[in-house]
Amino acid sequence: MTTPYLEVRDLQTHFTTFGGSRVVKAVDGISFSLREGETLGLVGESGCGKTTTCLSIVGLLPPAARIAGGEIRLAGEDLTKKSPREMRRIRGRKIAMILQDPMASLNPLFNIYTQVSEPAYYHLGIRRQSLRRRVEDLLRSVRIPSPAMRMRNYPHQMSGGMRQRIVGAIALAGGPKLIIADEPTTNLDVTIQAQYLDLLKDIQQETGVAIIFVTHNLGIVAKMCDRMAVMYAGKIVECGSVRDLFGAPSHPYTKALLGSMAKLGSKEPLFAIPGQPPDLANLPPGCAFHPRCAEATQHCSEHEPKIVPCGQDWTAKCWLAHPKESLRHDHARA
Amino acid sequence: MRQFIFRRTCYSIVTLFILSLTIFAVVRLTGDPALLMTEPGARPEDLARVRALWGLDRPWPIQYAHFLLNILTGDLGTSFNYRMPVSELYFERLPNSLQLALSATLLSFLIGVPAGLLSAVRVNGAWDNIGKVVALTGLAVPGFWLGLVLILVFSVWLAWLPTGGKGDWRNLIMPSIALGWYFAASLLRLTRSSMLEVMRSEYIKLARLKGLPGYVVIAMHGFKNALVPVLTLAGVNLVVMVNAAVIVEVIFAWPGIGRLLYEGIFQRDFPLVQGVVILAGCMIVLVNLFIDILYAYIDPRIRLTK
Ligand SMILES: Nc1ncnc2c1ncn2[C@@H]1O[C@H](COP(=O)(O)OP(=O)(O)OP(=O)(O)O)[C@@H](O)[C@H]1O
Ligand SMILES: [Mg+2]
């Protein structure tokens, strides 16, 4: 078993708003790891802290946010201890991130060549002819037809799907070992979305890059990912291989998410999770999910569950997954 | 692109036509110039003779048609007061006005754009707060008041600078400040807001994600985008300044077009006022056209779709 390339340990990222009077624990003690070439799906409802997790890793949090604790180890080095200058050298070089909106994430005033070449220019020191060749290769690898001609174009001359692939080429340009893709396909229509996902898979096969794939769509997770982490209210409630979690989810929230997944061709009514996600500045006591949980007990509303293993490389943060003895033991203490 | 220029030119001609009609009517509402061209208490026959001499006795539509036809042949008429062709007067004064406007534009650019940029990059910091104060006072303090204060301080008390007239560079300092002050403040505000908006955009986020050095993110990806509206304002400013520096030119006795217009209005010098206004209109229209083309040059979305 290889050591993980990225290891996040007990990461806490908090937003401080209203002059410090309100602290939003957008990421509240999450841990996960990712091996080289592996794909991790990060799923959860809107506002559960997925984007904040990604931005913490690349060190580009908005001014109101701060990493309050934990470690982010990339090939053994703790990124939370790095200076802004050191982080700049890592971004684009070792970690690339793909943003959600392809229309807005390309600069309208620069041509494709300039935008794709920048990471290679600044990080790898590639110049002139070799740079031109590299950009051509990158564009070809993301299936842009006639790249030599296309790289003189401006973003507005390209379709949405093409722009998204250009953004992919930019991510690859610095030769990163990890790509974080934050809902990269939500704005694309379904066929283009499928093409794009195939492309990402191919690229991963060729380059062996690890991917963190943020999405609402469990269908995409099933198609793309080796493992998945389910987030709820700033915490990872279940993490394990896609096969295990889809086969026999341990956490009621994972079950509910899988139940709410649209099944193609089935006439079953869609199962929606009742209630709203909690306010992250004002979490309920005990397990944050208990007000919406179908299997919650009195115990769940009073005590926060710990993260416990429920199989090979598989953890859950739920009292139901706790071994019965420890439950009794906790009861006795309480 | 050619079609774009053609369409813009058509709009410009319509604009100028409307302007000529308006100014023709408005000057005629200011009163009878014959009264100012004759001795006080002149006999009615003399007044009539003066009116006939300048063609003021004819009906307005005829006068207007004459005025328009003359413009088309490049003749703006003869000033009542100076007994000289208006165009000659205008072009005699134009270099002075341009000089003042250019130096005021330069000043406002050199102050407004870097200050706005700094305010945006250090938003809510000390620089931003200083910038806000400067912008607010700049927009609130009228140019003529500032001009008078400058004269009081630097000419009367300190006796460093001449109060007015045209001479060397020292004569240019105070009028440039008085004229450029307001524009510096508006450029500051525009640069700041434009830059802030750009820096919040997704493409700036992507530029940061690429790990580009800070100056590349700010100066290339950010500033170039932020500059588009700023350039427009600066171009319009230059034209507005040439033609609207009336008060500043009067206060500092600067022999520019603004003062020419001021004299024309007081003398009821119809051809002079009409001519200056029409030429000002032409200039604004031309500069706008030029800026649109420049815009199209900077921004490929305009360049390639039109
Ligand atoms: N600038 C901010 N100031 C204060 N709170 C913020 C800010 N940005 C995000 N938050 C809070 O942090 C929490 C997590 O936000 P985040 O964007 O990480 O969610 P997400 O899981 O990516 O959601 P989505 O699926 O909608 O993208 C949210 O509840 C939000 O209220
Ligand atoms: Mg998000």
Side-chain angles (χ1 to χ4, degrees), chain A residues 51 54-55 57-63 84-112 114-124 152-157 163 166-167 170-174 176 179-182 187, chain B residues 1 4 117 119-129 191 194-232 291-306:
Chain A
T51 299
C54 301
L55 293 178
I57 296 171
V58 293
L60 278 184
L61 287 166
R85 161 176 289 229
E86 288 169 314
M87 276 315 287
R88 179 171 76 63
R89 298 228 176 86
I90 289 170
R91 278 196 297 274
R93 173 84 184 88
K94 292 186 175 156
I95 311 175
M97 186 165 161
I98 296 177
L99 293 169
Q100 185 172 334
D101 191 349
M103 305 295 159
S105 57
L106 293 175
N107 191 325
L109 300 190
F110 292 85
N111 64 18
I112 301 302
T114 310
Q115 304 197 46
V116 175
S117 66
E118 274 173 331
Y121 182 93
Y122 287 103
H123 291 300
L124 309 178
R152 285 197 295 270
N153 284 171
Y154 288 86
H156 72 275
Q157 294 168 298
R163 283 185 230 190
I166 303 269
V167 173
I170 292 174
L172 292 171
I179 293 181
I180 300 173
D182 189 1
N187 285 346
Chain B
M1 188 76 188
F4 168 71
L117 192 60
S119 293
V121 174
R122 297 263 173 275
V123 66
N124 292 331
W127 273 110
D128 193 22
N129 290 329
T191 308
S194 169
M195 191 67 188
L196 280 181
E197 195 182 312
V198 167
M199 293 310 279
R200 269 197 302 267
S201 69
E202 290 287 294
Y203 55 81
I204 291 298
K205 218 185 270 171
L206 183 64
R208 290 228 166 91
L209 282 171
K210 286 176 182 174
L212 303 181
Y215 66 87
V216 176
V217 175
I218 291 170
M220 285 174 60
H221 286 267
F223 190 54
K224 195 176 174 192
N225 278 282
L227 206 56
V228 174
V230 173
L231 270 188
T232 320
I291 288 167
D292 279 340
I293 294 169
L294 191 69
Y295 232 164
Y297 178 74
I298 295 181
D299 192 333
R301 282 168 299 186
I302 301 174
R303 185 195 324 159
L304 297 157
T305 48
K306 294 280 166 57

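Here is how names work: the chains are called A, B, and so on, in the same order as the sequence lines, proteins then strands, and each is numbered from 1. Just so it is clear, the values below take in all heavy atoms, side chains as well, and ignore hydrogens, waters and symmetry mates.
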Requested in this report: Output all residues satisfying side chain to side chain donor-acceptor pair (under 3.5 Å) with B:Lys205, sequence neighbours left out; order by chain, then residue number.
Outcome: B:Glu202
Report summary line: Here the pair of heavy atoms bringing B:Leu206 nearest to A:Ser105 is CD2-O, 2.9 Å
Requested in this report: Tell me, with the steps shown, if A:Gln115 and B:His221 meet side chain to side chain donor-acceptor pair (under 3.5 Å).
Outcome: CA-CA 10 Å; A:Gln115 304 197 46; B:His221 286 267; 5.5 Å; no
Query raised in the report: Is it true that a side-chain atom of A:His123 and a backbone atom of B:Lys210 form a donor plus acceptor pair closer than 3.5 Å?
Result: yes
Report summary line: Most heavy-atom pairs under 4.5 Å with chain B, out of A:Arg93, A:Arg85, A:Met97, belong to A:Met97
Query raised in the report: Among A:Met87, A:Arg91, A:Gln100, A:Arg89, which residue forms the greatest number of heavy-atom pairs with chain B at distances under 4.5 Å?
Result: A:Arg91
Requested in this report: Please name the pair of heavy atoms, one in A:Phe110 and one in B:Met220, separated by the smallest distance, quoted to 0.1 Å.
Outcome: CZ-O, 3.5 Å
Requested in this report: Take atom CD of A:Glu86 as the centre, draw a 6.0 Å sphere, and report whether it contains more than 12 heavy atoms from other residues, nucleotides or ligands.
Outcome: yes
Query raised in the report: About how many Å separate OG of B:Ser201 and CG of A:Leu106, when rounded to the nearest 0.5 Å?
Result: 11.0 Å
Requested in this report: Mind checking the CG-CD1 spacing from A:Asn107 to B:Ile204? Nearest 0.5 Å is all I need.
Outcome: 6.5 Å
Requested in this report: Answer with side chain, backbone, both or neither: which region of A:Ile170 has an atom nearer than 4.5 Å to a non-hydrogen atom of chain B?
Outcome: side chain
Query raised in the report: Where on B:Val198 is there a heavy atom nearer than 4.5 Å to chain A: the side chain, the backbone, both, or neither?
Result: neither
Query raised in the report: Looking at A:Leu55, A:Leu60, A:Val58, which one has more heavy-atom pairs under 4.5 Å with chain B than the rest?
Result: A:Leu60
**Report entry** 4.5 Å side-chain heavy-atom contact, B:Tyr203 and A:Pro155
**Finding:** no
